[in-house]
Amino acid sequence: MELEELKSLIRKGKIGAITLDTSVFDAQGLRLESGLIKQLEQFRDSSTKVIISEIVKEEVLSHITEKTKNAQRELEKSLKQAKDYWQLENREIENIKKLVFDRRDAQEITLERFSKFIDTTSLEVIEAQNYLIVSDLIQKYFQAKPPFSESGKKKSEFPDAIALKG
């Protein structure tokens with residue numbers, strides 16, 4: 001389907017929902033406040049819903065938290081170098097850290113950003129427990145029916161997930 005055709009269907013109300021996979025968020029650099037992801041705001045007051053599964057939500061939160069932690073580590077590393085080469089005092093470094101991090105951790109920042117993203121897009125998170133019949137999933141696993149296979153990565157992840165959940 002071409003982009004213009006898709007836009008036309010959305011305008012005509014023929015598409016009731018849009019969903020994204022984690023790979024889309026990753027491809028957009030996990031930037032919720034800019035680029036293509038920000039453009040989801042246009043559906044806030046429209047008949048087209050923006051939805052994601054709880055799995056995608058948790059993966060995105062995990063990826064953003066990791067990137068946020070990495071950014072903090074890199075900044076602290078750079079500040080250490082700045083102290084040495086710019087001859088900054090410890091209190092100056094601490095003031096910069098306080099200004100940037102404001103005693104909040106990466107998970108807090110991530111949850112704030114994602115909460116704001118939900119508000120600005122009217123994003124709906126679909127919880128699996130409301131739609132998943134575990135016994136059906138178990139049968140598909142043992143019968144090697146999609147989304148499972150007889151071998152490979154998909155085969156080995158499922159039992160661990162069930163065991164941990166149980």
Side-chain angles (χ1 to χ4, degrees), residues 1-75 101-102 104-166:
M1 182 178 300
E2 295 294 321
L3 181 59
E4 288 308 313
E5 183 182 359
L6 184 60
K7 286 180 181 180
S8 174
L9 290 171
I10 290 171
R11 279 192 292 272
K12 292 176 183 175
K14 302 278 185 185
I15 294 181
I18 295 172
T19 189
L20 303 174
D21 190 281
T22 308
S23 63
V24 175
F25 286 92
D26 287 341
Q28 296 301 309
L30 300 164
R31 291 182 300 274
L32 306 176
E33 304 83 4
S34 64
L36 283 174
I37 302 296
K38 180 175 177 53
Q39 290 182 29
L40 293 172
E41 292 176 9
Q42 68 184 298
F43 300 107
R44 179 179 170 80
D45 298 318
S46 79
S47 61
T48 303
K49 292 181 179 182
V50 179
I51 61 173
I52 61 170
S53 72
E54 69 179 312
I55 300 298
V56 170
K57 173 192 169 195
E58 293 302 324
E59 287 177 333
V60 168
L61 289 173
S62 173
H63 293 187
I64 293 173
T65 300
E66 188 57 36
K67 290 281 189 183
T68 305
K69 287 178 181 178
N70 287 342
Q72 182 174 1
R73 279 191 292 273
E74 290 297 318
L75 182 57
F101 303 127
D102 195 29
R104 296 182 303 163
D105 65 14
Q107 192 165 13
E108 245 183 298
I109 296 290
T110 298
L111 291 174
E112 283 176 23
R113 288 181 62 207
F114 201 79
S115 178
K116 189 174 181 180
F117 174 68
I118 287 174
D119 289 343
T120 60
T121 60
S122 294
L123 177 74
E124 186 177 335
V125 178
I126 307 297
E127 296 182 17
Q129 68 185 8
N130 298 334
Y131 300 93
L132 175 69
I133 300 170
V134 175
S135 60
D136 291 348
L137 192 63
I138 291 169
Q139 287 304 310
K140 285 182 178 184
Y141 168 72
F142 284 106
Q143 294 169 5
K145 291 184 178 176
F148 305 107
S149 63
E150 290 185 32
S151 62
K153 188 176 179 182
K154 288 184 178 184
K155 175 77 174 172
S156 64
E157 289 181 355
F158 185 69
D160 294 339
I162 292 291
L164 289 170
K165 195 73 174 149

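If you're wondering where the values come from, they're calculated on a predicted model, not measured in any experiment. The analysis underlying the following values was restricted to heavy atoms, covering all of them including side chains, and did not include hydrogens, waters or symmetry mates.
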Identify the two heavy atoms, one from T68 and one from T110, that lie closest to each other, and give their separation to 0.1 Å. OG1-OG1, 3.8 Å

Side-chain donor/acceptor of S53 to backbone N/O of I126, under 3.5 Å: no

Identify the two heavy atoms, one from Q28 and one from L36, that lie closest to each other, and give their separation to 0.1 Å. NE2-CD1, 3.4 Å

Which pair of non-hydrogen atoms, one from T19 and one from I52, has the smallest distance, and what is that distance? OG1-CA, 3.8 Å

So which heavy atom on H63 is nearest to which on D26, and how close? ND1-OD1, 2.9 Å

I need the I18 CD1 to L123 CG distance, nearest 0.5 Å. 11.5 Å

Taking R73 first and then E66, would you say they form a salt bridge - that is, a charged N and a carboxylate O separated by under 4.0 Å? yes

So does S23 get a backbone contact from the side chain of D21, meaning a donor-acceptor N/O pair under 3.5 Å? yes

Please report the shortest heavy-atom distance between I64 and R113, naming the atom on each side. CG2-NH1, 3.4 Å

Measuring from atom CG of L40 to atom OG of S122, what distance do you get when rounded to the nearest 0.5 angstrom? 11.0 Å

Could you tell me whether a side-chain N or O of T65 sits under 3.5 Å from a main-chain N or O of Q107, the two making a donor and an acceptor? no

How long is the span from the CD1 atom in I37 to the CZ atom in F117, to the nearest 0.5 Å? 6.0 Å

Are the side chain of S115 and the backbone of L111 linked by a donor-acceptor contact shorter than 3.5 Å? no

Would you give the length of the straight line joining atom CZ of F25 to atom CG of L32, rounded to the nearest 0.5 angstrom? 6.5 Å

Give a yes or no on whether Q143 atom CD has more than 12 heavy-atom contacts from other residues, nucleotides or ligands under 6.0 Å away. yes

Roughly how far apart are K57 NZ and E127 CD, rounded to 0.5 Å? 7.5 Å

